[in-house]
Peer 1: 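The structure under discussion is supplied below as structure tokens; questions concerning it will follow.
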Amino acid sequence: MLIFIDELIEFIDEIPSFIDDIARFISEVAGSIGDIARFISEVTGSIGDIARFIGEVTSSIHEIADSIDEVINSLSTQKFYRRIDKI
């Protein structure tokens with residue numbers, strides 16, 4: 001019976017250490033989750049930057065297309081008036 005009580009006391013003495021280990025593990029998991037959240041936030045920010053850049057490039061392409069269209073229309077108009085002048 002005395003051996004059982006000694007083992008029980010030894011087991012009870014280890015409980016705080018076990019609880020400490022669990023607390024450290026939970027703290028590490030929480031820290032990892034925080035790191036993951038920060039990483040996702042940075043990735044999201046980068047994706048937002050890329051989307052804005054693509055929007056700006058698209059806008060520039062539209063402006064270039066409009067300018068080309070204006071040049072083509074101007075050339076077509078000049079060609080039309082040259083034909084009229086020949087008549």
Peer 1: When the side chains of residues 10-31 are checked against the rest of the protein, which donor-acceptor pairs come out under 3.5 Å, sequence neighbours left out?
Peer 2:
| from | atom 1 | to | atom 2 | distance (Å) |
| --- | --- | --- | --- | --- |
| Asp21 | OD1 | Arg24 | NH2 | 2.5 |

Peer 1: Give me each pair satisfying salt bridge (charged side-chain N to carboxylate O under 4.0 Å, His left out) with a member in residues 50-68, each pair once, sequence neighbours excluded.
Peer 2: Asp49-Arg52
Peer 1: Going by side chain to side chain contact (heavy atoms under 4.5 Å, CB included), name the residues that satisfy it together with Ile68, two or more places apart in sequence or in a different chain.
Peer 2: Ile64, Ile72
Peer 1: Is the backbone N or O of Glu42 less than 3.5 Å from a side-chain atom of Ser46, with the two atoms forming a donor-acceptor pair by type?
Peer 2: yes
